[in-house]
Amino acid sequence: MEEPTKSTHFIRNIVIDDLDSGKHESIVTRFPPEPNGFLHIGHAKSICLNFGLADEFGGRTHLRFDDTNPLKENEDFAQSIMNDVRWLGFEWDALHHASDYFDQLYAWALHLVDEGLAYVDSQDADTIRAQRGTLTEPGINSPYRDRPTAENRDLFERMAAGEFADGEHVLRAKIDMASGNINLRDPVLYRIINAPHHRTGDTWHIYPMYDWAHGQSDAIEQITHSLCTLEFEDHRPLYEWYLAHIPAPSQPRQIEFARGNLNYTVMSKRRLRQLVEEGHVDGWDDPRMPTLAGLRRRGYTPESIRAFWGEMGVSKSESIIDMGVLENAIRNDLNDRAPRAMAVLDPIKVVLLNYPEGEEEFLEAALHPKDESMGTRQVPLSRELWIERHDFMEDPPRKYFRLKPDGEVRLRNAFIIKCVDVIKNDAGEVTELQCEFDPDTRSGMPGANRKVKGTIHWVSAKHAVAAEVRLYDRLFNVANPLADKDTDYLAHLNPDSLTVIDTAWVEPAALEGDGPAYRQFERNGYFIPDEKDSTADKPVFNRTVTLRDTWAKVGNR
RNA sequence: UGGGACGUCGCCAAGCUGGUUAAGGCACGGGGUUUUGAUCCCCGCAUUCGCAGGUUCGAAUCCUGCCGUCCCAGCCA
């Protein structure tokens, strides 16, 4: 039906070249999260890239947990990550952990020691930092740099055996303290951490640093293309130095691409964690969060997120994508798939004066205006209805198509009504609209094609189900909360990012059926029952996204 | 006065081994259809590719020099 968007980009071109030239018979990619937080929409870009490439070219993709820091990582995060990757629609060909390679990594470190390419430094962290130099000045050599090999080996083995306290020693590569690339100024391979690891338990007292673990893990797994984000460009020379100085089982290539950022939110695990831990949001899966768990709870589909990243492409220029593009992706998806229903969020009562009291009927209404295969639903109707408060104006502006005194409007899926009287309370507020309906214009009747300007949605008061509705707005009220270095990004939190409405009325059919749970509440947007709080007694709907609203746009001008 | 990268329409982003009209999506503007002011359908939307020179019959694409932005000084990843 649709032309698949062939997203061509530089990494895809590299893969094609490598396949064409015979450098690789097939490709192996990997998605390497650290299990220290939840995945967000930015990670989804990497997931789609890695798994997408392998899928397209018949390769394989590994899920590998970069679990080299036992102080920050845990199994719960690992579980949430696996859950999110699967939810996004991908299945790894193999599951690995950097911690699976601790023995091999240790052996290779010993190899570097024996080759005179690594040494044990017994200075503290502050001293090592001071000796590293600055961005413009070279560092100076550690006094331990020329420690005899035998001594290095002895010390390193005893580090591994747990004979020392945290921070007492460190194993460093012997590269170049004067390098313009700070990563090459004798980087640390191992630090002592006397803490149990969530997978290896008490086996280790030393843990490898990212740089020492990552490329080697890639090599072990025969990864062909190791895709990472731009901030690791500086690390590539080190990545390659390590692979060149050990008997590497393969030579993976690191390629960097730009992270995917969105405006009006933040996208670092550190900040997302802060939002959670300080209670600015309800948890990692708060529907306002850009986490996959949050987006899922908000009602985003995996298809929409994959389509979004497919459209965005992959490049090396840092970018902040407009939220509107993501919203467009979910609207596109849900427009095709969401069954329609009616719900009134801010109700005002309508009484049909010429509708018999005590009577009721059921109207058949399409579940989708353009897709008959989705079938129909029964919509109950009776004398008293709820309509949206803003669908009536006593003194409307020009071009207001909705209900007004003596005006006519069509009730969606039903008939045309005319407002004949407006009832107000002592405060002058409208409390009820008395209307007359035109039975000839009932859907399906010959007179139904009579035209009126407006069509509004409604629910039968007698049959409607009370529901809570949660409306969401952007989490921050400025496009880039991090732009101003002098202001804490938390100061830009949008106080109105969540609006809870507990007065909503929903048509019964919206709660039935074993089809998808998401719905389009016509004219109000796309909604999904909240996966945690919604119950049969008290349904709770999250608004995923509004519909496009050109009328509101006119009003704002 | 260090090293690495990036700069094509408001936001993304093709094109960048030079060849003549600078893809596409979002946003935006205009029109049509419509029992969702939704959807859908048309149409419009960069004489210009950070700037300045140069090479060339011809440059977003090559060269030079500027300017701007981002990343790096964790025993984090």
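As the structure is a computational prediction, the values presented were derived from the model and not from experiment. Order of the sequence lines sets the chain letters (A, B, ...), proteins ahead of strands, with each chain counted from 1.
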Nearest-angstrom distance, C1' atom, B:C43 to B:U35: 27 Å
Sugar-phosphate, base or nothing in reach of A:Val452, heavy atoms under 4.0 Å: nothing
Results of side-chain contact (heavy atoms from CB on, under 4.5 Å) for A:Val188 - residues two or more places apart only: A:Val170, A:Arg172, A:Met209
RNA chain B contacts made by residues 316-330 of chain A, counting heavy atoms under 4.0 Å: A:Lys316, A:Ser317, A:Glu318, A:Ser319, A:Ile320, A:Ile321, A:Asp322, A:Gly324, A:Val325, A:Asn328
side-chain contact (heavy atoms from CB on, under 4.5 Å) involving A:Ser315 - partner list, sequence neighbours excluded: A:Ser317
4.5 Å side-chain heavy-atom contact, A:Pro33 and A:Leu63: yes
Residue list, side chain to side chain donor-acceptor pair (under 3.5 Å) with A:Asp484, at least two apart or on another chain: A:Thr487
Sugar-phosphate only, base, or nothing, as touched by A:Thr68 at under 4.0 Å among non-hydrogen atoms: sugar-phosphate
Touch class at under 4.0 angstrom, heavy-atom based, for A:Gly313 against every strand present: nothing
With A:Trp241 via side chain to side chain donor-acceptor pair (under 3.5 Å) - residues at least two apart: A:His245
Would you tabulate the nitrogen or oxygen pairs shorter than 3.5 Å linking the protein to nucleotides 34-36 of chain B?
from  : atom 1 : to       : atom 2 : distance (Å)
B:U35 : OP1    : A:Lys451 : NZ     : 3.0
B:U35 : OP2    : A:Lys451 : NZ     : 3.1
B:U35 : O2'    : A:Arg412 : NE     : 2.8
B:U35 : O2'    : A:Arg412 : NH2    : 2.7
B:U35 : N1     : A:Arg410 : NE     : 3.4
B:U35 : O2     : A:Asn413 : N      : 2.8
B:U35 : N3     : A:Arg410 : NE     : 3.1
B:U35 : N3     : A:Ser443 : OG     : 2.7
B:U35 : O4     : A:Arg410 : NH2    : 3.1
B:U35 : O4     : A:Ser443 : N      : 3.2
B:U35 : O4     : A:Ser443 : OG     : 2.2
B:U36 : O2     : A:Gln520 : OE1    : 2.8
B:U36 : O2     : A:Arg523 : N      : 3.1
B:U36 : N3     : A:Gln520 : OE1    : 2.6
B:U36 : N3     : A:Glu522 : OE2    : 3.2
B:U36 : O4     : A:Arg340 : NH1    : 2.4

Side-chain-base donor-acceptor pair under 3.5 Å for A:Asp234 and B:G3: yes
Opposite nucleotide pairing with B:C28, Watson-Crick or G-U, both atom distances under 3.5 Å: B:G44
Counterpart residues, ring pair (Phe, Tyr, Trp, His ring centres under 6.0 Å), relative to A:Phe415 (two or more places apart): A:Phe437
Aro-ring/base stack A:Tyr210-B:A77, d under 5.5 Å, angle under 30°: no
Residues which pass side-chain contact (heavy atoms from CB on, under 4.5 Å) with A:Asp333, listed by chain and number, not counting sequence neighbours: A:Thr301, A:Glu303, A:Ser304, A:Arg337
Presence of A:Arg191 side-chain N/O under 4.0 Å of B:C76 phosphate oxygens OP1/OP2: yes
Interface residues of residues 122-132 of chain A with RNA chain B (non-hydrogen, below 4.0 angstrom): A:Gln123, A:Asp124, A:Ala125, A:Ile128, A:Arg129, A:Arg132
Complementary nucleotide of B:U34, counting Watson-Crick and G-U pairs under 3.5 Å: none
Whether A:His97 side chain and A:Ser99 backbone form a donor-acceptor pair below 3.5 Å: no
Set of side chain to side chain donor-acceptor pair (under 3.5 Å) partners for A:Arg523, sequence neighbours left out: A:Asp391
Contacts of A:Arg442 that satisfy side chain to side chain donor-acceptor pair (under 3.5 Å) - sequence neighbours left out: A:Glu361
Complementary nucleotide of B:C75, counting Watson-Crick and G-U pairs under 3.5 Å: none
Residues that A:Leu135 engages under side-chain contact (heavy atoms from CB on, under 4.5 Å), provided they are two or more places apart: A:Ile182
